[in-house]
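When reading the values below, keep in mind they use all heavy atoms of this one structure, side chains included, and skip hydrogens, waters and symmetry mates. The sequence lines fix the lettering, A, B, ..., with proteins before strands; numbering per chain opens at 1.
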Amino acid sequence: MKYPESYRYTREHEWIHLQGDVGTVGITHYAQEQLGDIVYIELPAVGQTFRQLQAFGTVESIKTAADLYMPMSGEVVEVNQEVVNHPEIINQSPHERGWLIRIRVHDPSEFDRLMSGQEYEAYVEQSS
Amino acid sequence: MRDSNRTAQHITLEEPLLFERSQPGRVGYSLPPMGVPETPVEDLVPDHLRRDRVEGLPELSEFDVVRHFNRLAQWNYCIDRGIYPLGSCTMKYNPRLNEVIARWTAFTEAHPYLPDEFVQGCLAIQWHLECYLSEITGMDAVTLQPAAGAHGELTGLLLIRACLEDRGEKRTRILVPDSAHGTNPASAALGGFEVVHLKSDERGLLSPSTLRAAMSQDVAALMITNPNTLGLFEEDILEIADVLHEGGAFLYMDGANMNAFLGIARPGDMGVDVLHLNLHKTFSTPHGGGGPGSGPVCVREHLAPYLPVPRVAREGDRYRRIWDSPKSIGRVKAFEGHFGVHVRALAYILSLGRDHLRDIAVHAVLNANYLMARLKPYYHLPYDRRVMHEVVFNDRRQNPTGVTTMDIAKRLIDYGLHPPTVYFPLIVPGALMIEPTETESLEELDRFVEAMTQIAREAAEQPEVLRSAPQRGAFRRFDEVEAARHPILRWSPQGFPPAWKRVSRGSEDVPIRDEK
Amino acid sequence: MSVRYLPHAPEDIRRMLEVIGVDSVEALFQPIPEAVRLKVDLDLPPAMSEAEVLETFRRWASMNRVPPEVASFVGAGAYRHYIPAVVEDVVRKPEFFTAYTPYQPEVSQGTLQGVFEFQTMVCQLTGMEVANASMYDGATALAEAVLMARRIREGRHVLVARSVHPEYQQVVHTYLRHFDVSIELVSWEPETGQIDLDVLQACLRDDTFAVVVQSPNALGIVEDWAAVRAALGDHPAVRVACFTEALSLGFLRPPGAFGFDIVVGEGQSLGLPVQFGGPHVGLMATRMEYVRRLPGRLVGVAYDRNGRRGFVLTLAAREQHIRREKATSNICTNQTLCALAVTVYLALLGPEGLHRLALLNAQRAHYLARRLEAEGWQRPFRGPFFNEFVVRHPKAPRIWEHLLAQGIVAGLPLHRWYPELAQDLLMCVTEMNPPEEIERLVRMASSE
C-alpha cells in the first residue's frame, strides 16, 4: 500500500518514521498530489526545536503554498539538502528520498496519538 | 475555424532585451547646457560616495528604443483589440477624452506642495469627485488617497480599527465569505485582524444564519463583496447589515463590482458602513498592464473623523487642504493619491451624468446575462441563478475527455481572444469567470460565444488540439514550473545562468536543465 | 437617447432580452431588494458632450498656477524633470495602457518583457540582486520594507532616521500602528545634517529588527553609507535604505554597494510628471536570499514549448490570491504603466545620460547655494548634497511670501516638517530651472 504501516501521519498530511529517538519527517503522497509540481521548500535550521503540530516550514507549488506541521515535538538534527535544491524529488518519492528533516523527538508517546497508515488512508479517502 | 477569427498573425520579430541590444556609445537623449559656473566634481560629493555610471544600463539610440517598445507592444493583447472578459477586473473601454485631459500641463506640472492658492483647480477636481462618489454610493465622506483597491481595503479596515479603539472596544475578528477576493483576507491580516472564513450556502450567497452563528463580541466587521465573485447579488444584504449592527460590528463592502448596480441602488442605503471603489474598474480609467489604479474609500458619518489626511474642504468658491485631523488614521500614501486617475474618473462621471450612469449597469448586466444564456448549453453552470455583471462556468462537462479550464483558456488565444479569469473564485473548481462589461457590442459577444461553442465541440472531438493550445500566436505554452524552481528575475552581463541548456529534439529546440 | 460609450441600439437590446428570456431590463435587477432600488435619479450634473467636459476641465485648469508660469524650486519628494517625447509615446500605446496584469503570458509578452527590463534596471540603480515589479510609491514601498524586515528578523523595535521624508514616516506609522512594534526616531547631526551615528549606535537594541536611513535625506543631505554601515557593525537588524530622488543614483554609489539588505524609494523622477502627487512609482529591491519575503509581483524568465525564451509572473505563492491572510502583502497590482515609463526613460538616457543629467542637477543646485550664501543666506547643514539643500535666513518666512507674490515658489518652508526649522527653506534645482530663473530667484531673494 501507498502509506507504510510503520509510519504515523498527521491530519495536515505529514508523516513521521521513528527509529530510536530519531524521527524522519516528510509529506504524504496525497499531499504532494494535491500541491502539484513543487517548486520550493523552506525548512528550518538544524538545532531549532518545535512543538507537536507547530509550523516548521513551507512548501510551494505553482498554484499554492502550504505550511508544514511537526508530527512530534523535537529538535531538528538533519535537513535534507537534496530536496531543498531539487524539490521535484518530493513529487517523485514523497515517502523515501523526499524526506524533509530528521528530529530528535522529545516525547515518544506522541507517536501513538498520530494516525496509522490504514487510518490515514481512510482519512484521505473521506476528504477527497 | 473561420479565417476572420484567427489570431492576429503578428509580424513576429524577435526582440531581444534592451541590454542585449546595447552598443557602447549610442545615445538616446539630449541635455540642455550646464548654464552655470561649475564646482569641481570632487567638491560636490566625496569620492567614495560617487559613481560615474550605472553599470549595465543599455546604450541605445532614440529610434532603437522606439522600435523596441513597438515590437513589444505587438505581443500584447489589449481591450482596444477585442473583448477582454477577465472576471472581476471590469475591462471596459477607456475613453480617449479622459486621456487627453489628464495630460494637460496645468495638471501634470502641479506640485503637491504648491500652496493651496496655486492648485485650486486640482483641489476643485478632487472635491467634486468626492462629492459625486458620495452621491453615487450613498455614503457621507470619501478619501481619494488609496492607490488601488487592496490599498483601499487596508484603509477601510484601519478606519474600523481606529473607531473601535476610540469606543474602547477590542474586536479582533474579520469575517470573510469564501466567495471573497483574495485581497480581503490579506488586507485584514495586514490591518492586524484575525480572519474567519464563512461558507456560502447552496445558492452561492452568504446566508444570515451562517453569519449569526459566527457573530460574537470579537467580530469587528464582515467584508462582503457585492455582487460577489460568482456574479450574484447578495440578496440578504439588508438582513446581513442588521445582524452585524445589532452585534456591534461593521459592514465593509468590497465595491470592486459596483459596475453591476451603478445608479440602480446604493450601498449606503443597504447599511454599508464603509466601502472601497476601484476607479480603474467601475470608472473606466485604464488598467495600464496592472496599475496604476485608484481605490477611494467611502464611509458613513461615524467613520468620517478617522479618514486619512489631508482632506479637501470648500469655503465659498475656494478650496483648501486640511492637514491635521485629531482622530485621523494618518496617511496611507505620500501626497494626495493618484490624482492623474482622479481626473479621468471625474471626466467619465461628467460625460455620463445623472442621465446615463445607470445605463452602465444596465448594459453590463444585460451583456453578462446574454453570455450566460448563450453558453449554458455548452458549459456547466455551478450556480444557476440570475447573474449581475459576470458569470462563472467551469470545466466539468469537458473533464471527461481530459480537457481542463486551462486548456479552454489557452485555446481562446488561438481564436484571437483573451481568456476569462480562470480558477477563481476558489469555491468553483476549474472556474471560468467571465465579465464582458457594458462596452462590448452584440457582434463582439457573439464572436466570443462562437469561439467558446467551437471550443466545447473541440473538447469533445479533438481534445488534443486544446491540450496543445495555443498554437497560432507568437508564443506557445510556458513552463511555469521550471520558471519558479529556478527563478531568473533579472538580466545580467553574463547572460542567463547556465542552468538552462537548449537541446534539439526533432524540429524543436527545447530547454532542459543542466543537472551538473 | 444612447450614449457614446455604450454599443447597443434598442433593437440589439430587444434581441438580447429575448435570448435571456425576460421582457425588460428592469427584470434583470430582480435580485436587488426592491426597498433599496433607486426611485429617483442621482443628484449629479446632466450628461455632458465631449466639448462641455473639456470646457469644464478647462475652467479648473485655469484655476491652477503651475510652472512654467511660476518658477518652482520645490522638490521634497516629487521632482520636475524633463520627460523625453518617446516616454509619453510609449505609455500612450493602447497595447500597454489598455491591457491588464499579464495573467496569460502567451498574449502579454510585451508587458512582461518590459517589467523584466524594469526589474533589471532597478537592480542596477540600487546595486541589489533582485527587484520587484514596483510598488504604489516610495512611501508605501518603505512601509512594506519595514514589514518585510519583520518577516526576516524577529523583534519589536525599529530605528528610523528623523530625516526620512516625513510623509514616508507617517505611512510607516499607519502601516505598523496595529502591530506590536515601537518606532524610534534618530535625529541628525546638527553640523552636517547626516544621521547622528552616535545616537544611532546608542539606540540599537537587541530587539531592533530594522534600521531605516534615507539618502539624499529630507534635508537634501547625502548620507555617508560607509559610515552608517560601519556604525551598524554586525548588529543583525535588517538594513533598509531609502531615497526620494531616484536621479541621484546616477551620480551616487548605491546602498547595495555598502551592504544594505533592502533598498526602496520613489522612481517618479525617471520619466513621470509630478501630477499633484501621483501616480508615481515605488522601487523595491533586496538580496536574492530574501526573495520569498519580498512583496509584490515578480516577472521571471520562462521557456515555451518550442524553447522560445519569454517571461511569466512567477513566485506567485507569496501573494494574496494564493496565500490569502498569510501573504507577504495585500498588494495586488503594481504600477506597471509607470514602471514602463521608467524603463523607457532609462533606456533613452543610458548610463552616460543619467550621469550627465544628475551632474547637471548637482551643479545648478550648488551654484544656487553659493549665490544665496553670497547674499547672506546661511546653509545650516554642511554635509554633501545633490540637487536639494537647506538655506536659512532670519526673515525667511517673509521673503518666501514676498517671492510667492512674484510667482516664485522658493522651496519648501521646513517648519511644515520640523517646527524648530522655522527659518529654513528646502530648495530644489533641476534641469527644469534654467539659469535665468536661478538668477531671478537670487535677485529677488536678496532685494528684500
Would you mind checking which part of B:Leu352 comes under 4.5 Å of any heavy atom in chain C, side chain (CB onward), backbone (N, CA, C, O), both or neither?
both
Any heavy-atom pair between the side chains of C:Phe29 and B:Arg358 that's under 4.5 Å?
no
Rounded to the nearest 0.5 Å, the CG atom of B:Leu97 sits from the CG atom of C:Leu54 at a distance of 5.0 Å
Side chain, backbone, both or neither: which part of B:Arg26 has a non-hydrogen atom closer than 4.5 Å to chain C?
neither
Whether C:Arg308 engages the ring of B:Trp75 as a cation-pi pair (distance to the six-membered ring centre under 6.0 angstrom, angle to the ring normal within 45°) should be assessed.
yes
Please find the pair of heavy atoms, one from B:Cys78 and one from C:Pro94, that lie closest to each other, and give the distance.
CB-O, 3.5 Å
Rounded to the nearest 0.5 Å, the CD1 atom of C:Ile331 sits from the CG atom of B:Leu154 at a distance of 11.0 Å
Between C:Thr98 and B:Asn94, is there a side-chain donor-acceptor contact under 3.5 Å, judged purely by atom types and distance?
no
Would you mind checking which part of B:Leu357 comes under 4.5 Å of any heavy atom in chain C, side chain (CB onward), backbone (N, CA, C, O), both or neither?
side chain
Taking atom types as modelled, find out whether C:Tyr5 and B:Glu438 have a side-chain donor-acceptor pair closer than 3.5 angstrom.
no
Is it the side chain or the backbone of B:Val54 that comes within 4.5 Å of chain C heavy atoms, both, or neither?
both
For a quick test of reading the model, state the closest non-hydrogen atom pair linking C:Val312 to B:Ala483 and the distance between them.
CG2-CB, 3.9 Å
Between C:Thr140 and B:His151, what is the shortest heavy-atom contact and its length?
CG2-NE2, 3.7 Å
What is the minimum heavy-atom distance between B:His363 and C:Pro7, and which atoms define it?
ND1-CD, 4.5 Å
Approximate separation, where rounding is to 0.5 Å, of C:Phe276 CZ and B:His111 NE2
10.5 Å
Side chain from CB out, backbone as N, CA, C, O: work out which of these in C:Tyr103 comes under 4.5 Å of a heavy atom of chain B, or both, or neither.
side chain
Between C:Arg92 and B:Glu99, is the closest basic N to carboxylate O distance under 4.0 Å?
no
Consider only side-chain N and O atoms of C:Arg4 and B:Ser351, and report whether a donor and an acceptor are under 3.5 Å apart.
yes
